[in-house]
Amino acid sequence: MTLSFHAPSEHILRTTPKEAGHRTMHANEGTWAQLARSFDNCTRVLMLENVPAFLGRSLKNVRAGHAKLMAAKPSTAPRAPSDRFTLTSPAFEPGGTLPARFTADAKEEAVSPPLAWTDPPAGTKSLVLVVEDADAPSPEPLVHWLVWDLLGQGGSLAESASVPSTGRNSYQQQAWLPPDPPNGHGAHDYVFQLFALDVPIDLKSGSGRTAVEDALTGHVLAVAVLQASYERPG
């Protein structure tokens, strides 16, 4: 997977800090957001398959960490952890290897994996799915999928399923982001986190990770977690 970097316009580059201070209060907010996204996209290109294996190896100890996953945050702590609420996939074993067809190395277009879950705790009104890469060489885990408006009951998603509502992944796309770890960086853990909420979630389509976390805060009854790993050679 490769993202192109679009250089900011000459107008953006000529804007002074003083001008920026005024304009971010008015019509130029979108311009600075565009600039930030451009540099963010450039960074992501450098972190993925374009990174030489020797550099990936040198960054092996640079990882976001499991402690920064959505399910590990105090704000999303479940009220009463339930061992009966589980998340599985017919495509891979818990803690196993994520098949390549769900990654950026798929021979054809990568698809989202199938998932299945048991009945959530009583009182569940909706479910939210968050998929993150705990081992991304970045300050925070990379977001691969944000899905909400799932019914508050046992259910499943088929491979390459259409979902009710989606948020923006770390590439600013409303879709499954195929795992694409840097060559030589070692195994990455992809953590599927299914949150059972006591309220129907109220989010705009295309909301990001922060908005999802805010919506979860104080409403999580239980969390079901499924982990799989994927690694590129090098």
(request) Rounded to the nearest 0.5 Å, what's the gap from OG1 on Thr166 to CG on Leu203? Could you check? (result) 11.0 Å

(message) If you define the side chain from C-beta out and look only at heavy atoms, does anything of Val128 sit under 4.5 Å from Leu150?
(response) no

(request) Sequence neighbours left out, what pairs pass side-chain hydrogen bond (donor to acceptor under 3.5 Å, both in side chains) with at least one residue falling in residues 123-134? (result) Glu132-Gln193, Glu132-Arg209, Asp133-His188

(request) Might you point out which heavy atoms bring Ala196 and Pro121 nearest each other, and give the distance in Å? (result) CB-CD, 4.1 Å

(request) Could you tell me whether the side chain of Leu226 reaches within less than 4.5 Å of the side chain of Ser89, counting heavy atoms only? (result) yes

(request) Using side-chain contact (heavy atoms from CB on, under 4.5 Å) as the criterion, list what pairs up with Thr88, not counting sequence neighbours. (result) Ala116

(request) Write out all pairs satisfying side-chain hydrogen bond (donor to acceptor under 3.5 Å, both in side chains) with one or both partners inside residues 143-156, taking only residues at least two apart or from two chains. (result) Asp149-Ser165

(request) Can you tell me which residue pairs pass the side-chain hydrogen bond (donor to acceptor under 3.5 Å, both in side chains) test with a partner in residues 93-102, sequence neighbours excluded? (result) Arg101-Glu159

(message) Show the nearest heavy-atom pair for residues Val131 and Phe192, with the distance to one decimal.
(response) CG2-CD2, 3.4 Å

(request) Kindly work out whether a path of hydrophobic side-chain contacts (I/L/V/M/F/W/Y, heavy atoms less than 4.5 Å apart) joins Val223 to Leu146. (result) yes

(message) Are Val130 and Leu127 connected into the same hydrophobic cluster when the rule is that any two of I, L, V, M, F, W, Y join if their side-chain heavy atoms are below 4.5 Å apart?
(response) no

(request) Just jot down the side chain to side chain donor-acceptor pair (under 3.5 Å) partners of Ser207, sequence neighbours excluded, or say none. (result) none

(request) Mind running side chain to side chain contact (heavy atoms under 4.5 Å, CB included) on Trp117 and Leu157 for me, showing each step along the way? (result) CA-CA 9 Å; Trp117 54 90; Leu157 289 175; 3.9 Å; yes

(request) Check side-chain contact (heavy atoms from CB on, under 4.5 Å) between Val62 and all other residues, then give those that pass, not counting sequence neighbours. (result) Leu59, Pro137

(request) First locate atom CD of Glu231, then atom CG of Leu98, and finally report the distance between them rounded to the nearest 0.5 Å. (result) 13.0 Å

(request) Considering non-hydrogen atoms only, spot the tightest contact between Pro90 and Leu115 and give its length. (result) CD-N, 4.5 Å

(request) Identify the heavy atoms of Val111 and Trp176 that sit nearest to each other, and give their distance. (result) O-NE1, 3.3 Å

(message) According to side chain to side chain donor-acceptor pair (under 3.5 Å), who are the partners of Ser205, at least two apart in sequence or on a separate chain?
(response) Gln174

(message) Under 4.5 Å between side-chain heavy atoms, counting indirect links through other Ile/Leu/Val/Met/Phe/Trp/Tyr residues: same cluster for Leu87 and Leu197 or not?
(response) no

(request) Check for a donor-acceptor pair, side chain of Asn169 on one end and backbone N or O of Val143 on the other, with a separation under 3.5 Å. (result) no

(message) The criterion is side-chain contact (heavy atoms from CB on, under 4.5 Å); which residues satisfy it with Ala110, sequence neighbours excluded?
(response) Ala106, Pro178

(message) Less than 4.5 Å apart, side chain to side chain, heavy atoms only: is that true for Pro114 and Phe102?
(response) yes

(message) Test of understanding: with side-chain contact (heavy atoms from CB on, under 4.5 Å), list the residues that count as partners of Thr118, not counting sequence neighbours.
(response) Phe85, Thr86

List the atom pairs, with distances to 0.1 Å, where a side-chain N or O of residues 70-80 and a protein N or O form a donor-acceptor pair under 3.5 Å, not counting sequence neighbours.
residue, atom, partner, partner atom, Å
Ser75, OG, Glu213, OE2, 2.9
Thr76, OG1, Met70, O, 2.5
Thr76, OG1, Lys73, O, 3.2
Arg79, NH1, Asp198, OD2, 3.1
Arg79, NH2, Asp198, OD2, 2.4
Arg79, NH2, Gly218, O, 2.9

(request) Could you state whether Leu129 and Leu216 fall into the same hydrophobic cluster, counting links through intermediate Ile, Leu, Val, Met, Phe, Trp or Tyr residues with side-chain heavy atoms under 4.5 angstrom apart? (result) no

(request) Rounded to the nearest 0.5 Å, what's the gap from OG1 on Thr103 to OH on Tyr230? Could you check? (result) 3.5 Å

(message) Please list all pairs meeting salt bridge (charged side-chain N to carboxylate O under 4.0 Å, His left out) that have one or both residues in residues 102-115, counting only residues at least two apart or in different chains.
(response) Asp105-Arg232

(message) Check for me, please, whether Val225 and Leu194 land in the same ILVMFWY cluster - side-chain distances under 4.5 Å, paths through other members count.
(response) no

(message) Please report the interatomic distance CZ(Arg63) to CG(Asn61), rounded to the nearest 0.5 Å.
(response) 7.5 Å

(message) What I'd like to find out is whether the side chain of Leu221 reaches to under 4.5 Å of the side chain of Pro120, using heavy atoms alone.
(response) no

(message) Testing the basics here: between Asp119 and Gly154, what is the closest heavy-atom pair and its distance to 0.1 Å?
(response) OD1-N, 2.9 Å

